[in-house]
Amino acid sequence: MLTSHCVAFVLPPPQGTRTRTKQVYNLSSLSTTFSFNAINISLSHFFTILSLSLTFRFSLSFKKPEPEPEPIIIMDTKIGSLDATKPASNDIVSCSQNNGTAIQPCVVPSTAVTCGDSTLGRHLARRLVQIGVTDVFSVPGDFNLTLLDHLIAEPGLNLIGCCNELNAGYAADGYARARGVGACVVTFTVGGLSVLNAIAGAYSENLPLICIVGGPNSNDYGTNRILHHTIGLPDFSQELRCFQTITCFQAVVNNLEDAHELIDTAISTSLKESKPVYISIGCNLPAIPHPTFSRDPVPFSLSPKLSNQMGLEAAVEATAEFLNKAVKPVLVGGPKLRVASASDAFVELADASGYALAVMPSAKGQVPEHHPHFIGTYWGAVSTAFCAEIVESADAYLFAGPIFNDYSSVGYSLLLKKEKAIIVQPDRVVIANGPAFGCVLMKDFLSALAKRLKHNNTAYENYHRIYVPEGQPLKSAPREPLRVNVLFQYIQKMLSGESAVIAETGDSWFNCQKLKLPKGCGYEFQMQYGSIGWSVGATLGYAQAVPEKRVIACIGDGSFQVTAQDVSTMLRCGQKTIIFLINNGGYTIEVEIHDGPYNVIKNWNYTGLIDAIHNGEGKCWTAKVFCEEELAEAIATATGPKKDSLCFIEVIVHKDDTSKELLEWGSRVSAANSRPPNPQ
């Protein structure tokens, strides 16, 4: 571990200033490092020598021996593993994926940088590259332009301009799902308030995301001035107050003295908490050199979270006793497997125990569906066929990282009993009605439990006995209008380990849940927040993060109208995504919850819109299909001659053509929403 030795002292003011500034320097990274081993002096003598140096206005021009490279420890939290050297261009850099959370040593040469590089803007850029962010999604505004200059100048960092701040935030969300962390840059207030919805979604989904805002000139803080891009008050804290409820840390950088500390604290907090953070940087600061930025940033060490060993042993013993007495126990994976980095440990437990293995809908993609004991998605009344029957009839069930909300519980209608349940959260275990064990990490708990359970495959054998393979959709008559179930039959055949699925809020939730993911196939959707339009920006970010995969996005027409513009950015980035635009004339998911004329939208010529956005620049191909024959031909083209192009396939279906799961789910959620007030 690195030890930081910090001293505080007063600098004489530069010419033209009237104040003296207190500076705090980190002697482990400052370019003027002093060796206390070589010079055996008292602390008072040290400050005497230091003051003599300062009479020369702390010119950093004297010679000193270059320090030896020292081993730097970088936390690997599914953030791309970084090479010791940076790429020589601003091209996209693909980082390797890692699901572990172990701290891994990585030797990085500590080198001095030129004066032009020792600025706040370049320091922030180097930090982003260091944690695995090679693409930043941005919308320019006058308060962030200088900062954008310095981000562009950083080798290995690619700046991607988006059409609006909301999509920039959604893109950073999608990027974080693939890389482990994402970043966006917007301008003060008009940009910051526009990106709020996307940041709130990332917070709800436990995604590390660095939201950077170009703030006011540092001289304007504390004055009575009114700035543009504000609500007309001299108080600049409105944006900050909005971000305080949807980020885990907020840093307002309006001076250089503590900028280094604030930026590092914000980034490390985001990675540790797996939540978004907010960093506001004064618009006059990014280009100013400062001694604290005079070296490549020393990678900070994220201390590993550790389980309380006694609590871990007690939790494992109590759980093993509970489960080993059960006749037909099951395992159910939840969405917090991601934040706990416990997917591998969960599979290890399934392998060792022989239990039937299911996932909650928001955890699809977190557990391999090719596992021999996988039985599908547990979603109450709209579960995969025969899955709910096995889970709800079990005499014990272990839920790893669940979120039970009104959507995931189908209007609070799950047939589960607390006395049968073991709930494992990222740092806590609760067994039935008690006891509960805190400071126990999910990953440690599942791995230790795997060694204590007796093998029991009764639940899976029961599933195997009652399972009946799903039938095929009815064969379409020649030129018969296309049905949604036929569409997803074709999408199923397109999936491979080199593909990923993005499912938009709506009926695509239910149809995509029924897809069987082959090994290596990615899958993402936003269930907790459920913001329509999320998928366009998320597709942009996800495809940028993993260019080796071809993303298949399933988007409804109502959702697409919210965020359609950034198909333009996909084309600029040369992405090869396949978008299925499901045109059924409205907000179908809301129709099934509560119908009304407000759920009908104006129909667009969607392929015509994309052709206009394409405008002959980049690789793009569009098709509009009405029947199965046209769909088959369009998919053959998209996966054949146009495999290197962005392909947009508009699928025309009947407005009432929905999955049976949506019909059931919608009626139950409607019932939950319409409950009368409790008696006072």
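Given the structure is predicted, the values throughout are model-derived calculations rather than measurements.
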Distance alone, cut at 3.5 Å: any donor-acceptor contact between the side chains of [X] and [Y]?
| X | Y | result |
| --- | --- | --- |
| Q526 | E205 | no |
| T622 | D611 | yes |
| S408 | N405 | yes |
| Y378 | E392 | yes |
| Y587 | D557 | no |
| S535 | E504 | yes |
| T134 | R179 | yes |
| Y490 | E628 | yes |
| N206 | S274 | no |
| D135 | Y175 | yes |
| R550 | S499 | no |
| Y170 | S531 | yes |

Under a 3.5 Å distance rule, please check whether [X] uses its side chain to pair with a backbone N or O of [Y] as donor and acceptor.
| X | Y | value |
| --- | --- | --- |
| W665 | K660 | no |
| Q561 | K602 | yes |
| E661 | V382 | no |
| T637 | E633 | yes |
| K576 | K642 | no |
| T577 | I579 | no |
| D566 | S568 | no |
| T377 | P361 | no |
| N167 | T563 | yes |
| T384 | C387 | no |

Taking [X] first and then [Y], would you say they form a salt bridge - that is, a charged N and a carboxylate O separated by under 4.0 Å?
| X | Y | result |
| --- | --- | --- |
| E470 | K514 | no |
| E524 | R177 | yes |
| E617 | R572 | no |

Report the relative orientation of the aromatic rings in [X] and [Y]; use parallel for angles under 30°, tilted for 30 to 60°, perpendicular for over 60°.
| X | Y | result |
| --- | --- | --- |
| W509 | F525 | perpendicular |
| Y598 | H594 | parallel |
| H373 | H371 | perpendicular |

Quick one: [atom1] on [X] to [atom2] on [Y], what's the gap to the nearest 0.5 Å?
| X | Y | atom1 | atom2 | answer |
| --- | --- | --- | --- | --- |
| L662 | E592 | CG | CD | 5.0 Å |
| C521 | L495 | SG | CG | 4.5 Å |
| I649 | I582 | CD1 | CD1 | 11.5 Å |
| Y412 | R668 | OH | CZ | 14.5 Å |
| K516 | F374 | NZ | CZ | 9.5 Å |
| N511 | N485 | CG | CG | 8.0 Å |

Is the closest side-chain heavy-atom distance between [X] and [Y] below 4.5 Å?
| X | Y | value |
| --- | --- | --- |
| V625 | I652 | no |
| S194 | L166 | no |
| F386 | I375 | no |
| N462 | E389 | no |
| L357 | Y460 | no |
| L540 | F137 | yes |
| C184 | V136 | no |
| I610 | C620 | yes |

Give the intermediate values and the outcome of side chain to side chain contact (heavy atoms under 4.5 Å, CB included) for residues K364 and L517.
-> CA-CA 9 Å; K364 187 176 177 70; L517 303 180; 4.1 Å; yes

Verdict with reasoning, F580 to I555, per side chain to side chain contact (heavy atoms under 4.5 Å, CB included) = CA-CA 6 Å; F580 287 99; I555 309 175; over 6 Å; no

Closest heavy-atom contact between [X] and [Y]?
| X | Y | answer |
| --- | --- | --- |
| T569 | G161 | CG2-O, 3.4 Å |
| A363 | P335 | CB-N, 3.7 Å |
| C512 | F488 | SG-CE2, 3.7 Å |
| S383 | A388 | OG-CB, 3.5 Å |

Crowding at CD, Q492 (>12 non-hydrogen neighbours, <6.0 Å) = yes

Has H370 got more than 12 heavy atoms of other residues, nucleotides or ligands less than 6.0 Å from its NE2?
-> yes

Residues V332, V359; criterion side chain to side chain contact (heavy atoms under 4.5 Å, CB included); working and verdict | CA-CA 5 Å; V332 184; V359 294; 5.8 Å; no

Please collect all salt bridge (Lys or Arg N to Asp or Glu O under 4.0 Å) contacts where either partner lies in residues 473-490, sequence neighbours excluded, each pair once.
->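 Only R479-E630, E480-R483 qualify under salt bridge (Lys or Arg N to Asp or Glu O under 4.0 Å).
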
Evaluate the side chain to side chain contact (heavy atoms under 4.5 Å, CB included) criterion for residues V347 and D344: first the C-alpha distance (whole Å), next the side-chain angles of each, then the deciding distance (0.1 Å), finally the verdict.
-> CA-CA 5 Å; V347 173; D344 290 344; 5.7 Å; no

Carefully, step by step, assess F560 and W604 under the rule ring-ring contact (aromatic ring centres under 6.0 Å, His included).
-> CA-CA 10 Å; F560 187 73; W604 291 1; 7.1 Å; no

Quick one: which residue pairs count as a side-chain hydrogen bond (donor to acceptor under 3.5 Å, both in side chains) with a foot in residues 643-658, not counting sequence neighbours?
->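 Qualifying pairs: N583-E650.
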
